[in-house]
Amino acid sequence: MRYLMGTFLRIEALHHGADAAERCLEEAFDEVRRIEGVLSRFREDSQIYMLNKSAHDSPQHIDIELFYLLEKCIEFSKRTGGAFDITIAPLTDLWRQAERKGILPEKDEIDYLLSQIGYQEIILDEDARTISFKNRHLKIDLGAAGKGYALDRAAAVLKKNGIEKAYLDFGGQISYIDESNSVEYVGIKNPLRPEEVMTSLPIKNQSISTSGSYERYFEVMERTYSHIIDPATGRPVDNCILSVNVIGESAMESDMFSTALFVLGLDAGSRLIEKSYGVKALFAVRENGKANFKKGGVEIRCVN
Ligand code: FAD
Ligand code: MG
């Protein structure tokens, strides 16, 4: 297990030789560490940190890996009508500051930052492989895609080393590798009582991402607010959703989906999932104080 991207990454892998297993686990942890060094907006030596400081002044040249990652995020913003939006950073910072100061943000602060954000305000130039921001206070936050991307890359390292069965658990994001394609069952936590497993979902060589407000949130004036911000309002999401679990082939796509569905809510979220091939969602919704489970438009399960 290693502490990376502000959370713990645990990897279990089956391999015929203990030393070989140790080596390829280390290589997978190194790959996640490398990616954190590129994507973290908390580290002054990362490309994202450099972009957030300078991409409003002039176009910045970035690695091809980061270019395509950002292109994918912008594509996904279009697909979700802006519910997923990596330019949310100024608003996440505003609510994190509100938590520190213990007072809610003013309406005009939120409105001003809303005028600064939006994935449409990012200019990606494929020929020059540069990126620039149209607005002075635009900043990027990959909190809803970076862990998923890192998990996909770690799984690729394990497969490259001949690992046929592995389990990767990265705080709210789990990936399974199983070349024999057997079905595993992953327990789904009750968002109202996270120590309880409320139901389980079949998973086969896929990744599951959970977005919810029971582990990460902002606390201001004795009230908790989701860490997931609605880019349309600039405020923490406040709908009937308690958590969303998304199963898909790619950890990055599941990561982005779970955040987007949390913002979209049950009806719009179910419609998006029904149009999305190879992705399943399970919503836990608050109804008269209980956590009911609704599969993405498939069935309602009251589980407590
Ligand atoms: P998700 O639902 O997957 O994502 C929620 C996160 O995405 C929010 O925390 C916010 O960052 C962002 N977000 C909010 N609303 C939206 C939206 N509408 N659209 C798109 N994104 C949104 N945490 C630390 O405490 N310390 C660290 O040093 C640290 N380093 C990190 C480095 C990297 C590269 C990454 C990817 C994350 C890091 N984190 C760190 C964690 C990060 O701050 C988020 O809290 C975490 O990624 C939340 O993941 P989640 O799966 O729980 O929630
Ligand atoms: Mg996530």
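Atoms within a ligand are numbered from 1 in the order they appear, just like the ligands themselves. Counting begins at 1 with the first residue of the sequence. Computation of the quantities below employed the complete heavy-atom set of this structure, encompassing side-chain atoms and omitting hydrogens, waters and symmetry-equivalent molecules.
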Charged N to carboxylate O under 4.0 angstrom, Arg33 versus Glu36? no
Would you check ligand 1 and list the protein residues that come within less than 4.0 Å of it by any heavy atom, ordered by chain and number? Met5, Gly6, Leu39, Ser40, Phe42, Ala83, Phe84, Asp85, Ile88, Thr92, Asp141, Leu142, Gly143, Ala144, Gly146, Lys147, Ser211, Arg216, His227, Ile228, Ile229, Pro231, Asp255, Thr259, Val263
Using the rule given for side chain to side chain contact (heavy atoms under 4.5 Å, CB included), can you reason through Ser226 versus Phe262, listing the C-alpha separation, both sets of side-chain angles and the distance that settles it, and then say yes or no? CA-CA 10 Å; Ser226 174; Phe262 195 85; 3.5 Å; yes
Between Lys147 and Asp152, does any side-chain N to carboxylate O distance fall below 4.0 Å? no
For the student: nearest non-hydrogen atoms of Tyr149 and Met252, plus distance: N-CB, 3.7 Å
Side-chain ion pair, Arg79 and Glu253, N-O less than 4.0 Å: yes
Is Arg41 paired with Asp93 through a side-chain N to carboxylate O contact shorter than 4.0 Å? yes
With a 4.0 Å cut-off, would you call Arg136 and Asp57 a salt bridge? yes
Glu164 atom CD, neighbour heavy-atom count above 12 within 6.0 Å: no
Around the Mg ion (ligand 2), list the protein N/O/S atoms within a radius below 2.8 Å, excluding water molecules. Asp255 OD1
Do the charged groups of Glu65 and Arg34 touch, with an N to O distance under 4.0 Å? yes
